[in-house]
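Data first, discussion second: the structure below is written as C-alpha cells.
Just so it is clear: chains get the letters A, B, ... in the order the sequence lines come, proteins before strands, and each one is counted from 1.
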Number of protein chains: 2
Amino acid sequence: MNATKRKRLKAKGWRFGDAKELLGLSDEESKYVELKMRLAESLRKKRLKRRLGQTELAKLIESSQSRVAKMEAADGSVSIDLLIRSLLALGASNPELGRIIARTHRG
Amino acid sequence: MNATKRKRLKAKGWRFGDAKELLGLSDEESKYVELKMRLAESLRKKRLKRRLGQTELAKLIESSQSRVAKMEAADGSVSIDLLIRSLLALGASNPELGRIIARTHRG
DNA sequence: ACAGTGTATGTCGGATTAGACATATTGTCA
DNA sequence: TGACAATATGTCTAATCCGACATACACTGT
C-alpha cells in the first residue's frame with residue numbers, strides 16, 4: 001500500500017539481519033531497505049576492489065566524501081537512484097546490477 | 001564521470017531504440033535511461049496483467065494517475081527509485097526485479 | 001600522545017522529484 | 001458524431017534528496 005512514504009528509516013546497525021521485525025515495516029518497505037543495503041554493500045566492494053578511498057570515489061562520481069559514506073551506510077537520505085548511478089559510474093553493467101538486486105541478501 | 005547530473009532527458013519517443021546516438025549520452029547515462037525504460041515497461045505490464053487502470057494503481061501506491069502515466073512513459077521527472085517502489089508495491093520480488101534489470105533490453 | 005589518513009555523522013541551502021490538479025489527447029461504442 | 005473512459009501532458013507547491021562543509025571518530029605509525 002504505502003510504497004511511497006516512510007523512507008526515513010536510517011537502516012543503521014542491522015547490516016544483515018532482516019528489517020521487518022525491528023520496526024513495523026511492510027513487505028515492500030523491507031524489500032526496499034534490503035535492496036538498498038545490497039546496493040550499498042556492492043558499492044563499497046567495488047570501491048575497495050579498485051583501491052579507492054571514499055574521497056577519490058566521490059571525485060569520480062562528482063559527489064562528496066560524506067555522501068559516499070552515507071551511500072555505503074544505506075543512509076535514509078540516500079536514494080536507490082543515486083546508488084545505481086554510482087554503480088554504473090563504477091562500470092557496472094546492467095546484468096551485473098541485476099545480479100546484485102536479485103540476490104536475496106548478504107551479497 | 002558525470003553520473004549525477006543531466007537526468008533531464010525526457011526519454012520521449014524512442015521506446016526501444018538505443019539512447020546513446022540520439023543525444024550525446026555517456027555510457028552510464030544511456031545505461032541509466034535504458035534501465036529506466038525497462039522498469040517503466042515492466043510496470044505497465046504488471047498493471048495490465050492485474051487489469052488495473054492507471055487511476056486504480058495510483059490509489060494502490062498512494063500516488064496520482066498522472067504520475068503513473070509519467071512512470072510508464074519513463075518521463076524525466078520520474079526516478080528509478082519511484083519505479084522500484086511501485087514495482088515492489090505490485091508484489092515484485094527482488095529476484096524478479098533483478099531479472100527485469102539484468103535484461104539488456106526489450107524486456 | 002601526536003600527526004596523518006580515512007571514514008562517519010550532523011546540518012544547511014539549493015536542486016530535483018513527488019503528488020495533485022487541470023486540461024488535452026486518444027480510443028471505443030452507440 | 002457525441003458521450004464516456006482511459007491515458008497523456010503541463011504546471012504548481014511541497015517534500016525529498018543532493019553536494020558541501022564542519023567536525024567527530026577510528027586507526028596507524030612514530
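- Of all non-hydrogen atoms in E28(B) and A89(A), the two that sit nearest each other are CG-CA, 3.7 Å.
- No salt bridge links E56(A) with R50(A); every basic N to acidic carboxylate O contact stays at or beyond 4.0 Å.
- Here the P atom of nucleotide dT7(D) and the CD atom of E72(B) are 8 Å apart, to the nearest Å.
- Atom pair Q54(A):CD and dA20(D):P shows a separation of 15 Å (rounding to whole Å applied).
- Summarising the geometry of L43(B) relative to S86(B), their closest heavy-atom pair is CD1-CB, 4.0 Å, with the distance given to 0.1 Å.
- Counting to the nearest Å, the P atom of dT17(C) and the CG atom of D81(A) are 7 Å from each other.
- Residue S63(A) places at least one side-chain N or O under 4.0 Å from the OP1 or OP2 atom of dG19(D).
- Taking CG of L97(A) as the start and CD1 of I101(A) as the end, the distance is 5.5 Å to the nearest 0.5 Å.
- The closest donor-acceptor contact from the side chain of N94(A) to the backbone of A102(B) lies at 3.5 Å or more, if one exists at all.
- Atom CZ of R51(A) is separated from atom P of dT7(C) by 13 Å (rounded to the nearest Å).
- Put simply, R47(B) has no side-chain N or O that comes within less than 4.0 Å of OP1 or OP2 on dA6(D).
- Put simply, CD1 on I84(A) is 14 Å from P on dT17(C), counting in whole angstrom units.
- When every heavy atom of L88(A) is checked against every heavy atom of K31(B), the shortest pair comes out as CD2-CD, 3.8 Å.
- Here the C1' atom of nucleotide dT7(C) and the NZ atom of K59(A) are 15 Å apart, to the nearest Å.
- A salt bridge is defined here as a Lys NZ or Arg NE, NH1 or NH2 lying under 4.0 Å from an Asp or Glu carboxylate O, and E62(A) with R67(A) fails to meet this definition.
- With hydrogens and angles disregarded, no donor-acceptor distance shorter than 3.5 Å links the side chain of K36(B) to the backbone of L83(B).
- Remark: P of dG19(D) and CD1 of I61(A) are 7 Å apart, rounded to the nearest angstrom.
- Between the C1' atom of dG10(C) and the CG atom of D75(A) lies a distance of 10 Å, rounded to the nearest Å.
- What you find for R47(A) and L52(A) is that their closest heavy atoms are NH1-O, 2.9 Å.
- Rounded to 10 degrees, the angle between the two end axes of the helix from dA1(C)-dT30(D) to dA30(C)-dT1(D) is 40°, with five pairs used at each end.
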Sort me out a list of protein N/O and nucleotides 21-26 of chain C N/O pairs below 3.5 Å, or just none if empty.
unit_1	atom_1	unit_2	atom_2	d
dC21(C)	N4	S66(B)	OG	2.6

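- An OP1 or OP2 oxygen of dT7(C) is reached within less than 4.0 angstrom by no side-chain nitrogen or oxygen of T55(A).
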